[in-house]
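Heavy atoms only: backbone and side chains are in, while hydrogens, waters and symmetry mates are out. Residue numbers count from 1 along this sequence. Every number for a ligand or one of its atoms is a count from 1 in the order of the listing.
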Amino acid sequence: MSCDFIALANSGVQKLTPYQPGKPESELRRELGLELITKLASNENPLGPTSTIVSALAAEAGQLARYPDGNGFALKSALAEFYAVDTAQITLGNGSNDILELLARAYLQPGLNAVFSQHAFAVYPLAVQAVGAEGRAVAANAADHDQPYGHDLDAMLSMVDENTRLLFVANPNNPTGTWLTEAELRPVLDRVPEHVIVVLDEAYAETADVEGYPDSLKLLQEYPNLVVTRTFSKAYGLAGLRVGYSLSHPDIADVLNRVRQPFNVNSMAQACAVAALADQKHIAAYQQLNSQGLVELQAACEQRGLATLPSAGNFLAIDCGRPAEAVFADLLKLGVIVRPIANYGLPNFIRVTVGLPEENSAFLTALDKVLA
Ligand SMILES: *Cc1c(COP(=O)(O)O)cnc(C)c1O
């Protein structure tokens, strides 16, 4: 008889449910033997990396025996120049997911809490619970709000107390796509107590083509308790490499630097991120593709009488009007991978990434068959 190894885990971890990733293309191919697969499940950039990135990757390959630069000098310098910030304000992460975990590890412990919204990014409760702190999921906007299921900042603020250390704001939020304007965000930054760090998760900042989207770089100068997280996984098309970062007060960066793994961002990720940041033409092309694709998908859903949530991301949450798990399963059989979001408390919704025009059409064709 063996010991109960689950019961041995710390109390927060015992109650954790692992993050559910989008279904990998290779898995579906194995299961169904399908040749043509359309993956619109993980908000990746459908254009993929450019040849510049492939060259940067190849150039790095000869150095694989060496540890990466643990301080990420080249990437931090490039980011500092790009954003006109000091390198001391930058923390690099193994994806921005890493940064979220570093924040939880550094600022939370049992007895302390973090506040986030219902229907918000799943990593917040995971990171908080793993360190034995309390996660406070705050009721989101009602379905008839102009940002349905989006963050209710006043309600979030009312859940902050003397034991709160982190307030997570996803802007735009995944999986809803809903967003907050600077005018909505500022009063929260003004009112939140000093001992609360506001984590503004801007994983989709590059595609947030909406009026009033916050100038977070300006906010950083005004609010020392603000941390902005961004990533190379989404618009920059480097999800497979795992690289993200935060911009913050240098003292917060100092704290995060104490708890991170010494080599948390690998050498290929660093080199490719530098190259990707330099290629803003590719980002601009992607922004255009995404904005157009999003509008077309929204219109196509409207034509079909399917409600969608407003989105400032590179994805769209669609109300199937019936349990979406079955819609997801039927789409899979047709080789289209989307994301059912019942685990986010939205059982009738699927989340679809904006793809290439032909991918969007393939999705719509399959959806018509499934919903017929
Ligand atoms: C995808 C995503 C992230 C993190 O992605 P990384 O690949 O870890 O950088 C963070 N926040 C939100 C809201 C996301 O959707």
Side-chain angles (χ1 to χ4, degrees), residues 18-22 24 39-46 49 72 75 79 90-105 114 116-128 130 137 140 147 149-151 166-180 198-208 213-214 216 227-247 256 260-261 264-266 268-270 272-273 276-277 286 290 294 309 311-317 338-339 341 343-344 346 349 351-354:
Y19 180 82
Q20 294 175 21
K39 189 191 179 214
L40 300 173
S42 302
N43 302 342
E44 296 141 339
N45 178 339
L75 179 52
L79 286 166
I90 304 172
T91 304
L92 301 180
N94 195 256
S96 57
N97 196 143
D98 191 20
I99 306 280
L100 301 173
E101 286 184 27
L102 295 177
L103 284 161
R105 196 174 337 146
F116 44 80
S117 177
Q118 179 191 17
H119 315 302
F121 188 44
V123 166
Y124 311 148
L126 274 176
V128 171
Q147 293 288 325
Y149 308 111
H151 294 18
L166 300 175
L167 180 96
F168 290 100
V169 175
N171 198 33
N173 181 46
N174 169 19
T176 57
T178 51
W179 68 92
L180 299 157
V198 177
V199 183
L200 187 59
D201 179 344
E202 294 192 330
Y204 303 96
E206 295 83 5
T207 53
Y213 188 73
S216 51
V227 176
V228 176
T229 63
R230 292 196 177 189
T231 181
F232 284 93
S233 298
K234 307 283 163 55
Y236 282 90
L238 301 181
L241 283 170
R242 315 303 304 126
V243 52
Y245 54 95
S246 64
L247 308 174
L256 298 183
R260 74 176 176 90
Q261 280 186 38
N264 62 335
V265 183
N266 74 68
M268 288 165 292
Q270 291 187 37
C272 291
L277 190 67
Y286 173 57
N290 183 68
L294 184 61
L309 300 184
S311 176
N314 62 354
F315 57 89
L316 186 63
V338 299
R339 195 75 153 265
I341 50 176
N343 58 329
Y344 284 89
L346 296 166
F349 282 81
R351 191 198 68 196
V352 184
T353 305
V354 178

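- Contact annotation: the side chain of N173 approaches that of H151 to within less than 4.5 Å [non-hydrogen atoms, C-beta and beyond].
- For ligand 1, the 4.0 Å heavy-atom shell takes in G95, S96, N97, F121, N174, D201, A203, Y204, T231, S233, K234, R242, ordered by chain and residue number.
- Residues F349 and L309 are in side-chain contact: their nearest non-hydrogen atoms beyond the backbone lie under 4.5 Å apart.
- Distance alone, capped at 3.5 Å, is enough to place a donor-acceptor pair between the T353 side chain and the N43 backbone.
- The heavy-atom pair separating L294 from G313 by the smallest distance is CD2-O, 3.8 Å.
- Counting only distance, with no hydrogens or angles, the side chain of N314 and the backbone of N290 share no donor-acceptor pair below 3.5 Å.
- Using modelled atom types, one side-chain atom of Q147 and one backbone atom of W179 make a donor-acceptor pair closer than 3.5 Å.
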